[in-house]
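Accompanying notes for the structure given below.
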Amino acid sequence: MAETIAVSIDKNDQAQKPALSGLSLAQLEKCVLDLGLPKFRAKQLHTWIYAKNARSFAEMTDLSKDLREKLEASFRVPLLEIADLEVSRDGTRKYLFKLPDGKLVESVLMRFEDRDTLTACVSSQVGCAVGCTFCATGYLGFKRNLTVQEIVDQVLCIQRESGERVANLVYMGQGEPLLNCDNVVESIKLILNSVGIGARHITVSTSGIVPGINQLAAANLPVTLALSLHAPDRLTREEIVPITKKYSIPAVMQSVRDYINTTRRRVTIEYVLLKGINDSDEQARMLADMVQDLHCNVNLIPFNPTRNNAGEILYARPSIDRQKRFRDIAGRTGKTVTIRLERGTDIDAACGQLHNKYVLGQT
Ligand code: SAH
Ligand code: SF4
């Protein structure tokens with residue numbers, strides 16, 4: 001059984017004050033100068049927020065009591081509130097964060113068995129406009145983009161709550177990161193410089209937004225790109241990833257090749273396995289041909305059951321035998337094709353699921 005941790009939600013007037021967590025050093029400098037304080041105070045705040053995971057000004061013991069009170073009167077530290085937290089048997093922690101306008105997004109902290117380090121999965125939007133037919137977030141529809149501060153504070157909140165350091169970061173929570181490309185690129189820069197996660201430990205996952213892939217390549221941040229391909233043939237992909245009608249498979253594959261040429265990074269091809277939809281031998285062969293000359297790894301994701309707005313579960317997960325057969329055929333040209341190790345399935349750790357349970361009362 002999943003363990004649910006009681007969390008205290010801060011309901012006092014603190015919530016009205018501007019938050020400092022998730023701001024850049026330059027923004028912190030502006031905040032302290034506005035209060036009439038010397039600029040070097042920003043550096044101290046930056047260290048407390050980013051290196052020491054401070055939750056409150058009271059912890060900042062190298063600042064005088066007067067100064068702490070002055071800061072407290074104008075600002076608060078965390079931006080996001082933890083509205084819900086579930087801890088899975090495998091240690092996966094799933095957070096539901098409340099944004100300043102009351103909207104909710106999810107983040108997940110996972111430990112994979114083959115790694116000592118922790119991986120955080122963050123959201124980039126509230127909801128998503130792409131509307132993939134197997135995705136809970138798709139059924140929420142698009143609400144709004146997250147700000148840079150809201151993206152960065154997810155990582156800081158996770159570190160503050162868990163007391164652990166996030167070493168790997170994936171943009172695989174709610175939303176399509178490359179439809180919020182400016183804020184995602186800025187958040188990556190801040191995470192590189194202030195949180196200290198290396199570009200090689202950051203992955204941006206996209207449903208195939210061609211201008212966004214090109215913009216990310218031009219940003220010159222050697223992060224890993226993950227393409228959610230999910231089908232090698234046009235008809236199937238148009239059905240399950242509707243943005244294919246706007247950005248065709250050949251156009252997306254060309255932008256992925258350009259990304260590889262610009263960044264020299266190996267990309268990840270993601271493929272959710274849906275029984276009877278995209279798991280045939282022929283589709284596995286087509287996938288093998290598509291990725292043969294691509295500098296990539298392929299990740300097969302067994303479908304995590306989600307409901308549409310009518311409460312129906314539209315798809316099923318193929319049997320383990322079918323998953324393995326698909327993997328073997330897709331890998332016949334020597335590419336590394338893996339079936340993703342699942343984390344936190346007992347707590348609905350798939351994209352959009354906790355949000356739906358909370359808001360729509362679905363189970
Ligand atoms: N919008 C981006 C990133 C967020 S989704 C994208 O689509 O890539 C992160 C990954 O989770 C994507 O590969 C997505 O297809 C996958 N996903 C969404 N719903 C899922 C489900 N129900 N089961 C398994 N994987 C799912
Ligand atoms: Fe949006 Fe990604 Fe979900 Fe598709 S899979 S609806 S792009 S969040």
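Whatever order the structure lists ligands and atoms in, that order sets their numbers, starting from 1. Note that these values count all heavy atoms, side chains included, but never hydrogens, waters or copies made by symmetry.
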Checking A284 now: which residues fulfil side-chain contact (heavy atoms from CB on, under 4.5 Å) with it, not counting sequence neighbours?
F326, I329
Counting from 1, what ligand 1 atoms have a heavy atom of [X] closer than 4.0 Å?
{"X": "T206", "result": "6 (C), 8 (O)"}
{"X": "C135", "result": "18 (C), 19 (N)"}
{"X": "G173", "result": "4 (C)"}
{"X": "T306", "result": "22 (N)"}
{"X": "F303", "result": "22 (N), 23 (N)"}
{"X": "E270", "result": "13 (O)"}
{"X": "S228", "result": "6 (C), 7 (O), 8 (O), 12 (C), 13 (O)"}

Within the stated cut-off of 2.8 Å, is an N/O/S atom of C135 closer than that to atom 1 (Fe) of ligand 2?
no
With a 4.5 Å limit on heavy-atom distance, are the side chains of K103 and R144 in contact?
yes
Does even one non-hydrogen atom of G175 get within less than 4.0 Å of ligand 1?
yes
Tell me whether ligand 1 is touched by C128 - counting only heavy atoms on the residue side and a distance under 4.0 Å.
no
Restricting to non-hydrogen atoms, name the atom on G22 and the atom on I49 that form the minimum distance, rounded to 0.1 Å.
N-CG2, 4.4 Å
For L79 and P100, work out which heavy atoms get closest and say how close.
CD1-CG, 3.6 Å
Please report whether ligand 1 has a polar contact with V272, defined as an N or O pair separated by less than 3.5 Å (distance criterion only).
no
Y171 N/O to ligand 1 N/O under 3.5 Å
no
Near [X], which atoms of ligand 2 are under 4.0 Å from a heavy atom of that residue?
{"X": "G138", "value": "6 (S)"}
{"X": "S207", "value": "7 (S)"}
{"X": "G131", "value": "6 (S)"}

Just going by heavy-atom distances, which of H230, E176, R317 is nearest to atom 15 (O) of ligand 1?
H230
Given C132, S123, G208, which has its nearest heavy atom closest to atom 6 (S) of ligand 2?
C132
Using non-hydrogen atoms of the residue, decide whether S228 is closer than 4.0 angstrom to ligand 2.
no
Applying ring-ring contact (aromatic ring centres under 6.0 Å, His included) to F97 and not counting sequence neighbours gives Y95
May I ask you to check whether over 12 heavy atoms, not counting those of [X], lie within 6.0 Å of atom [atom1]?
{"X": "R327", "atom1": "CZ", "value": "yes"}
{"X": "E282", "atom1": "CD", "value": "no"}
{"X": "D101", "atom1": "CG", "value": "yes"}

For L273, run the side chain to side chain contact (heavy atoms under 4.5 Å, CB included) check against I339, I301, L300 and tell me which one passes.
L300
Say whether, by atom type as modelled, one donor and one acceptor occur between the side chain of R340 and the main chain of N299 under 3.5 angstrom.
no
Without swapping roles, check the side chain of T224 against the backbone of T203 for a donor-acceptor pair under 3.5 Å.
no
